[in-house]
2 protein chains.
Amino acid sequence: MPKKVDHQQRRTLIADALMRVAADQGLEAVSLRHVATAAGVSAGMVQHYFRTKDEMMAFALSVVRERSQIRVTEAVAGLGENPSPRLLLRTMIAALLPLDEHTRDDGRVALAFLAYTAVRPSAASRLREDTAQLTAFIAGVLPDGRGDAAATGLLALMEGLGVHLLGGQYTAEQALTALDAHLDLLFG
Amino acid sequence: MPKKVDHQQRRTLIADALMRVAADQGLEAVSLRHVATAAGVSAGMVQHYFRTKDEMMAFALSVVRERSQIRVTEAVAGLGENPSPRLLLRTMIAALLPLDEHTRDDGRVALAFLAYTAVRPSAASRLREDTAQLTAFIAGVLPDGRGDAAATGLLALMEGLGVHLLGGQYTAEQALTALDAHLDLLFG
DNA sequence: GCCTTTCCGATGCAACTGCAATGTCACCGG
DNA sequence: CCGGTGACATTGCAGTTGCATCGGAAAGGC
């Protein structure tokens, strides 16, 4: 067998470059050549690993999902044995919010993909699964009285906080105090 | 003076076409020629009324803001003399949510612009003013105990519900019951 | 040493982009 | 009635886009 290369690694390398471009120039600035130069490789190589641009986008989207999932599980893991439901939720949500300059980039990419999938419904099914899963989990952790409505509301609050953080309308402290206030209401 | 034309009307006509294109193909499909054909005019005319593409985008964004503001005031006006704070808030927020197929288009455009301004901070200042204004108003209407945190939380909840509605994660009923549940908590 | 298979850089192409320049026509004040 | 001014349409241009194609390089099995 000839030259062997770790395909997955190459693909994530390219996806990383894509996310870098998307984070500070927007998704519409993502082109084969742009991503290639951002990754420090030739445009031909990008084509070698992604036969079409849509394939590249889809992969990058999957990377974004995966990353945020990892962020959540890591944050929760740092919480010890069995934390209180409220602390658990707060940590999970805080882990998903674009609070510092670094996670803001990821948030920008996620927002861009949100607008992207709003127009291409084919790619949205994965996101639907994710939120369904999250709502189910949150609903299980919330105090008994609250129905699914409280879970969907909490998730929506998170999303909205994220969007407003990215837009610069809210500061990190504002977002966190708003989150805590909401949790006060839910657990009060 | 030669032929006189209502500039403002022509510009909104073009902006309407832009929003139509953006609503079902995304903002990155917005080009001078696309918008022109969608508006049924020549590309030259678009250039006549907007010297640059950015100027056209900025105008369309202002139209979006204006429209949603009108929608809110209309919905509130249909409420009679002095409605209860809770009903007032519910109507305002419901008026801003992409609940039916028609307002979904506007929502998609708004979401696209959100991602757009997240990358071009220059255009975001107007949005910042809008949300600041809204939070101030909401904070004034909420029960006394609640601070600004409750207002920012409610606004974030609205934004998140809108995003999830556009993504197809929530149905209109789910969104509304989540909103009502949150209002229950706030006014409980 | 060779040969096969994978890798990947280079080039080309048709379509598209924003924008400028140029042109044509309608209108209206004088 | 006529000259000029604003309202458009057309065309051209340089740059970019996604994608297909070709060619060589590299590396392991025989």
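Please read all numbers here as calculations on a predicted model, not as lab measurements. Order of the sequence lines fixes the chain letters, A, B, ..., with proteins taken first and strands second; residue numbering starts at 1 for each chain.
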Review point. Is any side-chain heavy atom of B:T152 less than 4.5 Å from a side-chain heavy atom of A:H164?
Key: no
Review point. Considering residues, nucleotides and ligands other than B:E55, do more than 12 of their heavy atoms fall under 6.0 Å from its CD?
Key: yes
Exercise for review: Would you mind classifying the nucleic acid contact of B:V30 as base, sugar-phosphate or nothing, using non-hydrogen atoms under 4.0 angstrom?
Suggested key: sugar-phosphate
Exercise for review: Decide, yes or no, whether a salt bridge links B:E74 with B:R71 under the criterion of side-chain N to carboxylate O below 4.0 Å.
Suggested key: no
Review point. Should the heavy atoms of other residues, nucleotides or ligands under 6.0 Å from CG of B:D148 be counted, would the total exceed 12?
Key: no
Check your understanding: Taking DNA chain D as the partner, which of residues 11-29 of chain A come within under 4.0 angstrom of it by heavy atom?
Key -> none
Show the distances under 3.5 angstrom between N or O atoms of the protein and N or O atoms of nucleotides 12-15 of chain C.
residue	atom	partner	partner atom	Å
C:dG12	O6	A:R33	NH2	3.4

Exercise for review: May I ask you to verify if any side-chain N or O of A:H34 is less than 4.0 angstrom from the OP1 or OP2 atom of D:dT17?
Suggested key: yes
Practice item. Can you run down the side chain to side chain donor-acceptor pair (under 3.5 Å) pairs that involve residues 120-142 of chain A, sequence neighbours left out, and say none if there aren't any? Key: A:R65-A:D130, A:R120-B:E28
**Study point:** side chain to side chain donor-acceptor pair (under 3.5 Å) pairs, two or more places apart, involving residues 12-26 of chain A
**Key:** A:D16-A:R67
**Study point:** Audit row: B:V41, B:R10, side-chain contact (heavy atoms from CB on, under 4.5 Å) steps and yes/no
**Key:** CA-CA 10 Å; B:V41 303; B:R10 285 272 199 266; over 6 Å; no
Review point. Of the residues in residues 41-58 of chain A, which ones touch DNA chain C at a heavy-atom distance under 4.0 Å?
Key: A:S42, A:G44, A:M45, A:H48, A:Y49
Check your understanding: Under a single-linkage definition using a 4.5 Å side-chain heavy-atom cutoff for Ile, Leu, Val, Met, Phe, Trp and Tyr, are B:L18 and B:L32 assigned to the same hydrophobic cluster?
Key -> yes
Check your understanding: Quick one: is the NZ or CZ of B:R11 closer than 6.0 Å to the six-membered ring centre of B:Y49, and within 45° of its axis?
Key -> no
Review point. Restricting to pairs with a member in residues 78-98 of chain A, which pass side chain to side chain donor-acceptor pair (under 3.5 Å), not counting sequence neighbours?
Key: A:R86-A:D184, A:R90-A:D180
Exercise for review: In whole angstrom, give the distance that lies between atom CG of A:L32 and atom P of D:dC19.
Suggested key: 6 Å
